[in-house]
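Report on the structure given below.
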Amino acid sequence: MFQTQLKLSSIAVSFLLLFSLVTFHAAAQTVKQTTESSSVEQAQSAAGQPDKIPQPGELGSPFTVDHFWKHISFELGGGYTPVEQKGAGLLGNGFIATVGVIDRLSPHWNLMVEMHILGLSGVSNPNYSTPTFAFDLATAYDIFAHARTSPYLIGGAGDYQLRLCNSPGGACNTIAVSAPGYNGGLGIRHRFYADKRMELFAEGRYHYIASGSTVFGQISMLPISAGFRW
């Protein structure tokens, strides 16, 4: 009886050992396959073949989201404005101040919404500077977009609010006319940092105002200005 139990115990132990060996071998194969699969994925990733990288805006994406406001810059400038074509001779030379918002559409192309304040002297009262406002939409082409210093071409069109203080008897009688116009010219800009948008610019733009049928006559001017964009 004792021998029979001993044999059964030996068989049970042998079976347990065999089962353990089989289980250990299966587990080892699973670990090996997992390791090989991970190595293949890492090799594919290193070879430039990533598997299902999350796209911009998705959780875990390595790409930044290109928000539109990252293209936006601002402009502030000013300078001297000689009047080239005086029309009826009511307006004289003065100054220009410009503020604007820029959408950098591409490395070369910029879209600009601007307001110009033209302080032109009134010929009938030379001591009075009459404010002329211009609102225009312009485009600029940066010739050497990736260089720190580059010339650029600029042009646009808009609405010009002409004003004049007419004071024959001492009192100021304001004459106001709205007229369309266009502008175009050449400028140069210099970036302070190669990887940032802050830059110094200087430009000359010819402004032609289609006011020939008004009391002002035909007017054109060539403002020379400088300023900052950031």
Side-chain angles (χ1 to χ4, degrees), residues 72-103 110-142 151-190 192 197-230:
I72 301 300
S73 297
F74 301 94
E75 173 187 45
L76 181 63
Y80 177 66
T81 301
V83 177
E84 302 295 320
Q85 189 175 357
K86 299 181 185 297
L90 299 176
L91 298 177
N93 301 337
F95 67 87
I96 183 172
T98 300
V99 294
V101 179
I102 304 168
D103 187 352
N110 295 329
L111 181 65
M112 314 169 77
V113 179
E114 300 172 305
M115 182 183 75
H116 308 284
I117 303 173
L118 299 157
L120 304 178
S121 60
V123 175
S124 59
N125 185 356
N127 296 323
Y128 184 86
S129 180
T130 175
T132 294
F133 299 92
F135 303 89
D136 77 277
L137 181 66
T139 57
Y141 180 78
D142 199 343
Y152 62 88
L153 303 173
I154 188 168
D159 179 67
Y160 291 76
Q161 301 288 327
L162 301 173
R163 294 176 180 272
L164 176 66
C165 178
N166 186 18
S167 55
C172 180
N173 300 316
T174 302
I175 302 173
V177 173
S178 176
Y182 60 85
N183 61 78
L186 179 67
I188 187 168
R189 59 104 183 123
H190 175 74
F192 290 99
R197 297 174 181 172
M198 183 177 291
E199 60 190 32
L200 175 69
F201 74 91
E203 66 181 32
R205 257 197 273 185
Y206 179 80
H207 291 249
Y208 180 88
I209 306 174
S211 57
S213 61
T214 70
V215 67
F216 290 93
Q218 200 66 60
I219 299 173
S220 63
M221 60 193 77
L222 183 59
I224 307 297
S225 62
F228 295 93
R229 297 187 180 114
W230 71 96

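Count residues from 1 along the sequence. Heavy atoms only: backbone and side chains are in, while hydrogens, waters and symmetry mates are out. None of these values were measured; they are calculated from a predicted model.
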Give a yes or no on whether the backbone of Ile209 and the side-chain of Gln218 come within a donor-acceptor separation of less than 3.5 Å.
yes

Rounded to the nearest 0.5 Å, the CD1 atom of Ile154 sits from the OH atom of Tyr141 at a distance of 15.0 Å

Leu137 and Leu111: side-chain contact (heavy atoms from CB on, under 4.5 Å), yes or no, with the steps?
CA-CA 8 Å; Leu137 181 66; Leu111 181 65; 3.8 Å; yes

Considering all heavy atoms, the nearest Leu222-Gly204 contact
CD1-C, 4.4 Å

Passing candidate, side chain to side chain contact (heavy atoms under 4.5 Å, CB included) with Met112, options Asp136, Val101, Ile102:
Ile102

Without swapping roles, check the side chain of Ser211 against the backbone of Gly217 for a donor-acceptor pair under 3.5 Å.
yes

Please verify the inter-ring angle class for Phe133 with Phe135; under 30° counts as parallel, over 60° as perpendicular, anything in between as tilted.
parallel

Correct closest heavy-atom pair for Ser220 and Gln85 would be OG-CB, 2.9 Å

So, taking the atom named OG1 in Thr139 and the one named CG in Asp103, what distance separates them when rounded to the nearest 0.5 Å?
12.5 Å

Would you say the side chain of Leu200 lies within less than 4.5 Å of the side chain of Phe228, judging by non-hydrogen atoms?
yes

Would you compute the distance between atom OH of Tyr152 and atom CG of Leu186 and round it to the nearest 0.5 angstrom?
8.0 Å

When every non-hydrogen atom of Ala157 is compared with those of Asn183, the smallest separation belongs to N-ND2, 4.3 Å

I need the Leu76 CG to Ser225 OG distance, nearest 0.5 Å.
10.5 Å

Separation between CE (Met221) and OG1 (Thr132), nearest 0.5 Å, reads 6.5 Å

More than 12 heavy atoms of other residues, nucleotides or ligands under 6.0 Å from CE of Met115: yes or no?
yes

Grab the two heavy atoms, one from Leu118 and one from Pro223, that are nearest each other, plus how far apart they are.
CD2-CG, 4.4 Å

Which class fits the ring pair Tyr160 and His207: parallel under 30°, tilted 30 to 60°, perpendicular over 60°?
perpendicular

Just how far is it from atom CG of Leu120 to atom CZ of Phe216, taken to the nearest 0.5 Å?
9.5 Å

Does anything in residues 210-230 form a salt bridge (Lys or Arg N to Asp or Glu O under 4.0 Å)? List the pairs, not counting sequence neighbours.
Glu75-Arg229, Glu199-Arg229, Glu203-Arg229

